Amino acid sequence: MKKFLKSLSANDVGSTGAHMGGILIPKGDRELLAFLPHLDPNEYNPSEWITCVTPDGRELRLRYVYYNNRLHKPKGTRNEYRITHLTKYFKTEGAKEGDTFEISKESGGTHYRINVVKADQEPDEPIDEGPVRIKITAGWRRAH
């Protein structure tokens with residue numbers, strides 16, 4: 001099973017009052033991008049709906065999208081991957097800045113598993129602190 005963790009920011013959980021466009025997926029994290037469905041950059045803003053299961057068994061549909069209008073005419077400003085439709089889930093879970101969002105999937109599985117781990121709890125798997133080739137500023141890390 002592959003698992004990725006993201007430290008939630010104030011913007012991620014909606015506590016800044018700003019419009020949240022979903023959590024950012026770093027373009028430079030090839031392993032995380034390969035873990036999620038392939039989105040064709042030749043399409044304008046391609047997206048896939050992914051089915052996610054919470055620890056209590058609820059199924060949620062989240063949108064994984066590549067906002068790429070910078071690459072298409074007319075030219076825009078966005079060139080970023082995001083997972084959207086998380087606002088209600090984060091509110092239900094009482095997610096706060098500093099908590100951790102987990103997303104995982106069994107090899108060959110069709111559903112992702114998601115969870116919010118409170119900042120005062122430890123993730124149940126060790127974090128890979130191996131060699132870093134690029135610095136990911138979006139707060140994502142791989143768990144093993």
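Model, not experiment: these values are computed from the prediction.
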- Task: Among Ile, Leu, Val, Met, Phe, Trp and Tyr joined by side-chain contacts under 4.5 Å, find the other residues sharing a cluster with Tyr67 and list them by chain and number.
- Result: Val65

Can I get a per-line list of side-chain donor-acceptor pairs under 3.5 Å for residues 45-53, giving both atom names and the distance, sequence neighbours left out?
residue: Asn45; atom: OD1; partner: Asn68; partner atom: N; Å: 2.8
residue: Ser47; atom: OG; partner: Arg63; partner atom: NE; Å: 3.2

- Which heavy atom in Lys2 sits nearest to a heavy atom in Phe35, and how many Å separate them? O-CE1, 3.8 Å

- Okay, side chain of Asn115, backbone of Thr54: is any donor-acceptor separation there less than 3.5 Å? no

- Query: Asp40 and Tyr66: side-chain donor and acceptor closer than 3.5 Å?
  - Reply: no

- Task: Please report the shortest heavy-atom distance between Lys118 and Gly94, naming the atom on each side.
- Result: NZ-O, 2.5 Å

- Message: Under the criterion side-chain contact (heavy atoms from CB on, under 4.5 Å), I'd like the reasoning laid out for Thr84 against Tyr64: C-alpha separation, chi angles, the key distance, then a yes or no.
- Response: CA-CA 6 Å; Thr84 64; Tyr64 172 52; over 6 Å; no

- Crowded around Lys75 NZ? As in, over 12 foreign heavy atoms under 6.0 Å? yes

- Item | Shortest non-hydrogen separation from Arg141 to Ser7 and the atoms involved | NH1-OG, 3.2 Å

- Query: Looking at residues at least two apart in the chain, or sitting in another chain, which of them share a side chain to side chain donor-acceptor pair (under 3.5 Å) with Arg58?
  - Reply: Asp56, Glu93

- Item | Cluster overlap Tyr44 with Tyr81, hydrophobic side-chain contacts below 4.5 Å | no

- Can any side-chain N or O of Lys6 pair as donor or acceptor with the backbone N or O of Ile103 at less than 3.5 Å? no

- Item | Steps toward side-chain contact (heavy atoms from CB on, under 4.5 Å) verdict (Arg61, His85) | CA-CA 8 Å; Arg61 288 180 33 91; His85 294 265; over 6 Å; no

- Item | Distance-minimising heavy-atom pair for Ala119 and Gly98 | CB-O, 3.6 Å

- Closest heavy-atom contact between Asp12 and Leu8? OD2-CA, 3.6 Å

- Message: Assess the residue pair Thr100 and Val116 against the criterion (side-chain contact (heavy atoms from CB on, under 4.5 Å)); give the C-alpha distance rounded to whole Å, side-chain angles, the decisive distance to 0.1 Å, and a yes or no.
- Response: CA-CA 6 Å; Thr100 299; Val116 172; over 6 Å; no

- Is the NZ atom of Lys96 crowded by more than 12 outside heavy atoms at less than 6.0 Å? no

- Message: Tell me whether Glu80 is salt-bridged to Lys27, with the criterion being a basic N under 4.0 Å from an acidic carboxylate O.
- Response: no

- Check the angle between the aromatic planes of Phe90 and Phe101 and answer parallel, tilted or perpendicular using the 30° and 60° thresholds. perpendicular

- Item | Taking every non-hydrogen atom, the tightest pair across Tyr89 and Leu60 | CD1-CD1, 3.5 Å

- Hey, is the main chain of Pro26 close enough, under 3.5 Å, to the side chain of Asp29 for a donor-acceptor pair? no

- Message: Between Arg113 (side chain only) and Lys105 (backbone N and O only), is there a donor and an acceptor less than 3.5 Å apart?
- Response: no

